[in-house]
Amino acid sequence: MSEERFMDKIIEVCLRRGFVSPTAEIYGGAGGFYDYGPLGTLMRQKIIDLWRQSFVLDEDDIYEITGSTLLPEAVFKASGHLDSFDDPLVQCEKCKSMFKADEVIKGVTGKSAEGLSLEELDKLIADNNINCPSCEGTLAKTRDFNLMFKTEIGSTGGINGYLRPETAQNIFINFKRLANFMRNKLPFGVAQMGSSFRNEISPRNFLIRGREFEQMEIEMFYDQDKENEHPRFHEVADIEINLVTREMQEKGWKEPLKLTTEAAVDEGVIPNQYLAYYLALETEMLKAIGIPEDDFWFRHMQDHEAPHYSAGNFDLEADLSLGHMEIVGNALRTDYDLQKHAKASKSTFELTMPDGKKVVPHVFEPSLGVGRIFYTVLEKCYREDERGWTWFQFPPTVAPLEVAVFPLMKKDGLAELAQEIHNELKDAGYLSFYDGSGKIGKRYARADEIGIPYCVTVDYDSIKEFSVTIRDRDTMKQIKLPIEDLEIAIGELMDGEADFEEFNQES
RNA sequence: ACGCCAAUAGUCUAGCGGUAGGACUUCAGCCUUCCAAGCUGGGAACCCGGGUUCAAAUCCCGGUUGGCGUACCA
C-alpha cells in the first residue's frame, strides 16, 4: 500500500500544526487515545459551543448537566450494557461462529464453567479437546467481549465501577431529580457533553474510532401519545434534509431523498416530530461548520444494526475518504432505559399529566460525536493546490484562529503598531494571532495552512493615514480600511453580514 | 483479536552490521514596501525491552504503535 490515504494528509497537518496527536506518544502511545493540541482545542471548543447554543441555550425546556464518567456496576446491570457483553466468547476459526465459552464447555463436560478466567476456560477447552459445536472446526482463544473499562471503587474494592460507554446513563439515573427540576411537565430535555469510553478491540482510523470519545447528547423526554406535538416543530418544518430509507438501501441507492421535515413526517418516512426536529437542527449545524449538505444524510438503520435499546435509529452519515461514516446517532430509545432503571432501582419514573394520565416518558436521543465531527470538518475543509501547498477553508464559525495580524516589515514602528492592533482585536473577543517573522508571503501561507480566514497587514500607510489591509484567505483579495473600522469590519465579515466584494466597493 | 507489512529530528525521508545524510519546518541574524523557493548561522532523530556479535538504527525474539485484510463496533 504505497498510495497515500487522504486521512494521512490530514493527520500530518494535525501533528505538525498542533491540532491532534496520540496520547502518551513519548512512551509509545496508547491505541485509541488522542490529545487535542493548541489549535485542536480551540476548534473543538467552537464546535461544542455551537452545539450548546443551538441545541441547549436556544431552547426553553432543555438544560445541560455534567455527570460523572465513572459509574457503579448497578447502572450498567440495569441498562443492559453489562449483560449483553460480559461473557467470555470463543470464535470458531473455520466457520467464524461465536459461542459463549462456558456453555460450550458445559455442553461437553456437563460441568459449569461460569466465573472462570479466560486462561482457565482455554485450558478446559484444550484439555477436553473441544471443537466448534456447529462445524467441528478449531476454536480460537477465549476473549472477553465486554467493551467497558472496569475498575474498583474504594480502597478495599467494595464495588466494581465502569467508565461509562455512553453519556446517556447519567441522565436516566438522575431522572427523578431532573423531572422535578423541570416541574414534572413534558416534554423536557436534558443535555450533556463529555467523554465516554469503550475498550475497542481494535481502534482504527484516527479520531473516528477511539477508546475515549466525546459525545454531545440530549435525552428528550416526551409523551409518546403526543409524539407529533413538538412545540417548535413549525420552526423547522421547511428545512430540507437528506434521507436514506430502508427501502432505498434494499434497492441500492445513489442519491439521498430530499424532503422537508414536514413532508418526511407526513409521509411516514420519519416516525415522529421529535426525531425530525433534531435531524433539522443537525443539518443546520453541520452546514454551518463547513460540511456541504450533499455530503451527509440520515440513514434509517436496519433493525439488526440498531443498538439494543433502540426502536429505530436515523444515523447521520458523512461521505468521507474512508467511506460512509456514522457521525451522529439518532436513537428512539422509547421508555427502555427508564423502565429498566425503575425496575432495578425500585423507583417510579411515571409522571402525572394534567389530565391525570400517568406516563413513563419516551426518549429521543441525538448523540453527536465531537471527534467525528471535528475530523469531518478537517476533511471537508482541506484544500490543496498543484504546488502541493495546503490550507483549510474553515468557515469563521469553527476556525481555531480568526484573524492574523502582520507588520509588512518589522522596522519603522510597523511591528509595534501591528502588535497593538492584535491586542485590540483580542480585547474585542477575536481569536487573533500575531506573526512578524520571515517574509509576508510566508506568513500568509502559514495562516492559510491552519485556516485563519482573515489576515490584517500593517504597512506604511498605517502610519501615514491610519489604514490597514484585510486579506481574504479564500480569494487572496484585499481591502483597505481605516484602523478604527477594523473591529467592526472583521465582525461583519465573520458573521457573513458583509461580503468581501461589497466591502471593496465601499472603501 | 488474528494474519501480513511497517516504525530514523516537528514533518517527509536516505542509510540496512562499523554509532546517521537530505528536504521542508523551526530559531537567531541579514535582506525584504503584500502572497511560502535569497544569504549566514544554530537547534533537532534511529519506538521500547531482550538476544546474537568485537561491534546492532541495521540481524533474531518479544512488546508497543500504525497501515491493510478478516473479525468486532451496544
Side-chain angles (χ1 to χ4, degrees), chain A residues 1-5 7-9 11-18 21-33 37 76 79-86 89-93 96-98 118 140-148 165-166 168-169 196 198-206 208-211 213 304-310 313 325-326 329 331 333 336-337 367 385 387-391 406-412 414 437-449 455-464 468-473 475-478 480:
Chain A
M1 279 291 152
S2 57
E3 200 178 318
E4 191 186 20
R5 298 182 312 159
M7 179 177 259
D8 292 332
K9 298 183 183 189
I11 293 173
E12 197 265 331
V13 185
C14 281
L15 294 172
R16 207 158 35 76
R17 301 305 307 267
S21 63
T23 295
E25 214 178 353
I26 62 166
Y27 291 111
F33 295 95
F76 302 112
S79 71
H81 288 96
L82 198 54
D83 284 346
S84 319
F85 284 89
D86 198 29
L89 301 180
V90 281
Q91 186 176 28
C92 171
E93 289 178 344
K96 303 291 178 194
S97 308
M98 292 283 208
L118 296 182
K141 276 200 167 178
T142 307
R143 298 182 235 166
D144 200 337
F145 266 66
N146 189 349
L147 298 186
M148 287 194 292
E166 59 168 1
Q169 294 306 324
S196 294
R198 295 179 192 177
N199 200 358
E200 298 285 353
I201 292 171
S202 86
R204 265 182 210 191
N205 292 334
F206 196 45
I208 297 294
R209 208 163 112 211
R211 286 185 164 129
F213 55 97
H304 67 272
E305 294 176 301
H308 70 271
Y309 51 68
S310 175
N313 264 54
M325 293 302 309
E326 177 199 326
R333 296 186 76 132
Y336 176 90
D337 298 275
S367 174
D385 68 13
R387 293 166 297 192
W389 300 356
T390 77
W391 69 98
F406 308 144
L408 185 58
M409 305 282 168
K410 270 190 276 194
K411 55 190 180 187
D412 301 327
L414 296 185
S437 78
K439 290 188 160 48
I440 188 83
K442 181 72 163 283
R443 287 179 245 153
Y444 285 140
R446 275 201 285 245
D448 289 348
E449 191 179 38
C455 294
V456 172
T457 305
V458 172
D459 59 19
Y460 286 94
D461 288 343
S462 307
I463 293 174
K464 275 186 268 173
V468 286
T469 306
I470 305 179
R471 177 259 199 191
D472 176 56
R473 174 196 63 206
T475 60
M476 300 203 295
K477 287 188 176 154
Q478 303 189 325
K480 200 157 217 179

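Since the model is a prediction, treat every value here as computed from it, not as a measurement. Chain letters run A, B, ... following the sequence lines, proteins first, then strands; residues in each count from 1.
- At whole-Å resolution of the value, CD in A:Glu449 and C1' in B:rC35 are 15 Å apart.
- Atom CD1 of A:Ile208 and atom C1' of B:rG66 are 16 Å apart (whole Å).
- Taking atom P in both B:rA36 and B:rA1, one finds a spacing of 48 Å when rounded to whole Å.
- Rounded to whole angstrom, the span from the CG atom of A:Asp459 across to the P atom of B:rU33 amounts to 12 Å.
- Closest to the A:Arg16 side chain, of the nucleotides B:rC27, B:rG10, B:rA1, is B:rG10.
- To the nearest angstrom, P of B:rU11 lies 7 Å from CD of A:Glu25.
- Spacing of C1' atoms, B:rA37 relative to B:rA45, comes out at 25 Å, to the nearest Å.
- Of all nucleotides present, only B:rC39 satisfies the Watson-Crick or G-U wobble test against B:rG29, with each distance under 3.5 Å.
- Here B:rU33 presents its P atom at 10 Å from NZ of A:Lys439, a figure rounded to the nearest Å.
- Rounded to an integer number of Å, the gap from A:Ile11 CD1 to B:rU65 P is 16 Å.
- Taking every side-chain heavy atom of A:Leu15 into account, B:rU11 is the closest of B:rU11, B:rC35, B:rA1.
- The nearest pair of heavy atoms linking A:Leu408 to A:Asp459 is CD2-CB, 3.8 Å.
- Across B:rG41 and B:rG50, the matching P atoms stand 41 Å from one another, rounded to whole Å.
- Between B:rA14 and B:rA6, the distance separating the two P atoms is 13 Å to the nearest Å.
- In this structure, of B:rC73, B:rC34, B:rA37, it is B:rC73 that holds the atom nearest to the side chain of A:Arg198.
- Between the base of B:rG66 and the side chain of A:Arg209 there is no donor-acceptor pair shorter than 3.5 Å.
- Taking atom P in both B:rG69 and B:rG22, one finds a spacing of 37 Å when rounded to whole Å.
- Of the listed nucleotides (B:rC35, B:rC73, B:rA1), B:rC35 has the atom at the smallest distance from the side chain of A:Arg471.
- Atoms CE (A:Met476) and P (B:rA36) sit 8 Å apart, rounded to a whole Å.
- The closest side-chain heavy-atom distance from A:Gln169 to A:Asp337 is below 4.5 Å.
- Here the nucleotide nearest the side chain of A:Arg446, chosen from B:rU32, B:rA36, B:rU26, is B:rU26.
- Between the CE atom of A:Met7 and the CG atom of A:Asn205 there is a distance of 4.5 Å, given to the nearest 0.5 Å.
- B:rA56 sits 31 Å from B:rC2 when the P atoms are compared, rounded to a whole Å.
- In a base pair of the Watson-Crick type (N1 to N3 plus N6-O4 or O6-N4) or a G-U wobble (N1-O2 and O6-N3), with each distance short of 3.5 Å, B:rA20 is matched with no nucleotide.
- Contact detail for A:Cys455 and A:Ala447: the closest heavy-atom pair is SG-CB, 3.8 Å.
- With C1' as the reference atom, B:rC68 and B:rC31 are 50 Å apart, rounded to whole Å.
- There is no side-chain donor-acceptor pair under 3.5 Å between A:Thr23 and A:Arg211.
- B:rA71 is unpaired under the Watson-Crick or G-U wobble criterion, no partner having all donor-acceptor distances under 3.5 Å.
- For A:Thr469 and B:rC34, a side-chain-to-base donor-acceptor distance below 3.5 Å is present, hydrogens and geometry of angles not being considered.
- Remark: A:Lys442 is in phosphate contact with B:rU25, judged by side-chain N or O atoms under 4.0 Å from OP1 or OP2.
- Nearest heavy-atom pair, A:Phe213 versus A:Pro165, reported as atom, atom and distance to 0.1 Å: CZ-O, 3.9 Å.
- Closest approach of A:Ser462 and A:Thr457 over heavy atoms only: OG-O, 4.4 Å.
- Judged by distance alone with a 3.5 Å cut-off, no donor-acceptor contact links the side chain of A:Tyr27 to the base of B:rC48.
- Closest to the A:Asn205 side chain, of the nucleotides B:rC34, B:rC68, B:rC73, is B:rC68.
- The only member of A:Arg443, A:Arg473, A:Arg471, A:Lys442 that meets salt bridge (charged side-chain N to carboxylate O under 4.0 Å, His left out) when paired with A:Asp448 is A:Arg471.
- With rounding to whole Å, A:Glu200 atom CD is found 13 Å from B:rG66 atom P.
- If you check B:rA36, B:rC35, B:rC73 against the side chain of A:Ala445, the one that comes closest is B:rA36.
- Atom P of B:rU11 sits at a distance of 15 Å from the matching atom of B:rG66, rounded to the whole Å.
- Distance from the side chain of A:Glu12 is smallest for B:rU11 among the nucleotides B:rG67, B:rU11, B:rC35.
- Residue A:Arg204 places its side chain closer to B:rC68 than to any other of B:rC34, B:rU32, B:rC68.
- Between B:rC68 and A:Arg5, a contact under 4.0 Å exists linking OP1 or OP2 to a side-chain N or O.
- If you find the closest nucleotide of RNA chain B to A:Met7 and to A:Thr390, the one lying nearer the 5' end belongs to A:Thr390.
- Residues A:Ile26 and A:Trp389 each lie close to RNA chain B; by heavy-atom proximity, the contact nearer the 5' end of the strand is made by A:Trp389.
- Base pairing of B:rG66 is made with B:rC5, judged by Watson-Crick or G-U wobble geometry with both donor-acceptor distances under 3.5 Å.
- Among B:rC35, B:rA36, B:rU33, the nucleotide with an atom closest to any side-chain atom of A:Tyr460 is B:rU33.
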